[in-house]
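Side-chain atoms are counted along with the backbone in the values below, which use heavy atoms only and exclude waters and symmetry mates.
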Amino acid sequence: MKEDEQIQTTYTVAQNVLYCLRCTRECCASLLYLGAAIILLNVAIPVLTTYLPKAVITCFTDNHSFAELSMTVLTLMSGVAVLSATSEFLKKYFYFHKYKMNTYYMKCVSEKGLTTDYCNQENEWFRKLQTESFACCNGNASPLTGIYETLINLCTSVLGLAVFFGILSRLNIGIILFLAVTSGAGFFLNQRIVKWVGENSAERFGYQQQLDSINRSADDLRSAKDIRLYQMAVWFTKLYEQNMKGMAKWYKKYTAKLFGVAVCDSGFGLVRECVVYAYLLTLVIHGQISVADFVLYFGAVSAFSTWFGRIMGQLATLSQQSQRIQYFRSYLEYPEAYRREGGVSISEKECAKVIELRNVSYRYDNAEEYALRGVNLKITPAEHLAVVGLNGAGKTTLIKLICGLIDPTEGQVLYDGVDVRLYHRTAYYKLFSAVFQQYSILPVKISEIVAEAPVEILNAASVHDCLEQAGLWQRITQLPQGVDSNFGKTIYDDGVEFSGGEIQKLLLARALYKSAPILLLDEPTAALDPLAESWFYEKYHQISAGKTSVFISHRLASTSFCDRILLIENGVVCEEGTHAQLIARKGKYYSLFETQAAYYREEGEQGGANANEKNVAAQTV
């Protein structure tokens with residue numbers, strides 16, 4: 001087992017049951033009362049049906065009148081009918097209330113995912129627990145809601161067993177012990193299945209995670225173009241089939257074990273029934289019990305075996321459900337490293353202070369190489385810093401370290417001379433506005449996307465100013481509903497779709513609306529056309545005026561307007577200075593710059609030659 005897979009809470013079955021009951025009491029206490037009522041009804045009905053044949057036979061053997069016989073049967077049957085109808089009504093009402101618990105647990109999972117430390121979201125084991133936790137409470141048959149039926153059935157079986165124990169104890173205590181031993185054997189066989197599931201669950205998680213990922217990609221509009229143009233449907237289908245085969249193999253092993261247990265349990269049941277019924281017949285033959293008593297005990301033995309078998313089965317089911325609930329609780333209780341309470345405070349209108357990285361190194365979980373090594377960097381207030389380098393150099397990792405999304409493996413990140421780990425992390429996040437390569441946009445109104453807030457509380461004038469600064473306002477004015485237009489067609493039929501460049505402008509507007517003192521831009525011009533990119537460079541100083549800004553790009557020509565440039569290569573800051581200084585040194589920055597510049601020069605020369613040819617052709621005509 002990997003080290004991160006050891007980050008898992010361990011609770012007994014009883015502790016997990018009490019946890020679910022506590023949650024139910026807090027969220028929907030009426031569910032507990034409904035469950036208790038159903039348990040009493042579930043026991044009363046079979047007790048009445050067991051006594052019914054004895055009562056009828058007694059009426060015959062004691063020469064009761066037809067009226068007395070009819071009244072006895074009618075009373076007992078009416079009682080059974082009323083109790084059965086009440087039980088069915090309560091079960092349907094219970095099912096409705098279970099939905100509240102489904103919603104409650106789903107909310108817990110969502111809140112954990114939304115608020116957990118970012119480093120947890122990058123952890124493979126955490127994501128597997130997240131997938132399993134959603135499955136654990138998604139649907140009325142899921143473990144966290146299915147446990148109510150299990151507990152009702154278990155309590156019903158225990159109470160029913162007690163009633164029929166009282167009936168059979170008048171017969172022979174040895175019979176009860178024999179029934180208990182033969183019925184209990186199945187429970188211990190089921191425990192082997194529970195153990196196997198626990199030891200092999202990580203394999204099933206992996207297959208499920210892959211299948212969920214493929215399903216999300218198939219439904220994602222952004223993936224639709226690539227899937228069709230690159231004919232990825234066949235590949236996706238093969239991946240899906242591979243994971244389904246893996247899942248099927250896992251369940252085949254599981255089913256084989258279940259079948260073996262079922263065969264053994266059936267064998268014990270056959271022996272149990274034969275021995276007990278032979279014993280009862282012997283008692284009747286020797287006149288030790290009446291025919292009516294034989295019928296009663298016959299039904300009681302069958303009911304006792306059924307109740308006892310159900311107890312063993314429900315305990316096995318409860319054990320399996322508890323195991324999955326344990327994953328759910330492990331997810332909710334997954335350790336949070338960042339400070340959320342107390343810590344160094346930051347005022348609401350904080351101006352940017354000095355950010356410093358002291359001998360910072362960072363390595364991702366399960367990675368052999370460091371993404372960044374030995375970085376020493378000081379960013380002064382209102383400085384415009386550019387970070388350049390080839391793909392995979394460590395630029396985005398540096399950004400995540402600066403804004404506190406991740407903490408360094410070694411070294412310190414300081415803000416105003418204080419280690420970032422000592423700040424209240426949520427308050428620290430308020431210092432930053434960011435545009436990342438991997439973004440998230442909710443399917444809401446455009447104004448709400450910019451403000452990251454509902455229409456009722458956003459500042460419409462600020463939304464307008466930010467969209468204008470980002471160069472998107474003209475496009476917005478062309479929409480029928482303007483800033484009140486819904487974004488995306490995932491939910492809305494009339495939703496607006498933006499191009500890649502327009503989305504980057506929208507993200508920039510969102511960052512500007514937050515008006516934080518530190519601005520982080522991770523490849524903000526990657527999807528812009530040359531004219532829009534040129535416009536952005538001209539507006540950059542206006543956009544970042546008075547702010548500390550960190551601008552990431554792999555296009556070296558785009559960073560010449562920054563105060564200072566860092567060149568990162570293989571996780572190490574290899575050069576630092578202004579654009580002019582780095583060009584003058586004729587080092588790696590110069591080589592990369594010349595390589596990129598040569599491409600554009602060559603492209604420009606070819607474009608000029610084509611233009612001359614067109615002019616000559618026009619004159620000829």
Side-chain angles (χ1 to χ4, degrees), residues 9 11-45 83-116 126-159 205 208 212 215-216 310 313-334 336 442-444 454 456 490-491:
T9 52
Y11 295 103
T12 62
V13 173
Q15 287 173 323
N16 284 330
V17 169
L18 288 173
Y19 169 80
C20 292
L21 293 178
R22 282 196 302 271
C23 291
T24 307
R25 186 183 61 191
E26 292 172 10
C27 179
C28 187
S30 57
L31 205 59
L32 299 177
Y33 301 118
L34 285 171
I38 291 170
I39 290 168
L40 293 175
L41 290 171
N42 285 349
V43 173
I45 293 168
L83 292 178
S84 297
T86 306
S87 176
E88 285 303 310
F89 170 76
L90 290 180
K91 284 177 182 177
K92 289 187 175 3
Y93 196 54
F94 184 86
Y95 184 89
F96 167 74
H97 278 277
K98 267 203 320 176
Y99 179 74
K100 292 181 181 179
M101 293 309 301
N102 246 0
T103 307
Y104 171 81
Y105 290 126
M106 288 290 282
K107 183 182 177 184
C108 290
V109 175
S110 297
E111 285 182 349
K112 177 67 174 182
L114 290 169
T115 60
T116 191
F126 178 85
R127 291 197 305 275
K128 285 184 178 180
L129 287 176
Q130 191 174 39
T131 301
E132 179 63 14
S133 296
F134 271 114
C136 197
C137 55
N138 187 16
N140 276 291
S142 59
L144 274 165
T145 44
I147 195 171
Y148 297 110
E149 274 83 6
T150 305
L151 289 174
I152 286 173
N153 292 335
L154 180 60
C155 292
T156 299
S157 300
V158 169
L159 188 57
F205 288 173
Q208 189 62 55
D212 290 345
N215 285 330
R216 283 195 300 270
R310 283 181 182 174
Q314 295 304 327
L315 285 174
T317 301
L318 193 63
S319 183
Q320 292 174 8
Q321 288 173 333
S322 173
Q323 196 168 62
R324 295 189 67 185
I325 291 170
Q326 192 139 289
Y327 293 130
F328 172 85
R329 296 183 71 182
S330 295
Y331 171 73
L332 293 186
E333 297 167 16
Y334 202 87
E336 304 288 350
L442 293 175
V444 293
E456 295 77 20
T490 308
I491 295 177

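- Taking both residues in full, the closest heavy atoms of Ile325 and Pro143 are given as CD1-O, 4.3 Å, listed atom of the first, atom of the second, then distance.
- Between Phe89 and Tyr93, the ring planes lie parallel to each other; the angle is under 30°, not in the 30° to 60° tilted range.
- With sequence neighbours left out, Ser142 forms a side-chain contact (heavy atoms from CB on, under 4.5 Å) with Asn102, Thr145.
- Between Phe126 and Tyr331, the ring planes lie tilted relative to each other; the angle falls in the 30° to 60° range.
- With salt bridges taken as basic N to acidic carboxylate O contacts below 4.0 Å, one links Glu336 and Lys112.
- By the side chain to side chain donor-acceptor pair (under 3.5 Å) test, Gln208 pairs with Asp212, sequence neighbours left out.
- Glu132 pairs with exactly one of Arg329, Arg324, Arg127 by the salt bridge (charged side-chain N to carboxylate O under 4.0 Å, His left out) rule, that one being Arg324.
- Side-chain atoms of Leu159 and Leu40, non-hydrogen and from C-beta on, do get closer than 4.5 Å to each other.
- Side-chain atoms of Ser319 do not come within 3.5 Å of backbone N or O of Leu315 as any donor-acceptor pair.
- Here the rule is side-chain contact (heavy atoms from CB on, under 4.5 Å) with Cys155, and of Ile38, Ile39, Asn42 only Ile39 fits it.
- In this structure, the side chains of Ile45 and Ser84 come closer than 4.5 Å at one or more pairs of heavy atoms.
- Proximity of Glu333 to Tyr11: side-chain heavy atoms (C-beta onward) are separated by under 4.5 Å at one or more points.
- Distance check: Ile152 CD1 to Ser157 OG gives 11.5 Å after rounding to the nearest 0.5 Å.
- Side-chain contact between Val17 and Ser322: absent, with no pair of heavy atoms (C-beta onward) separated by less than 4.5 Å.
- Residues Glu111 and Lys107 are in side-chain contact: their nearest non-hydrogen atoms beyond the backbone lie under 4.5 Å apart.
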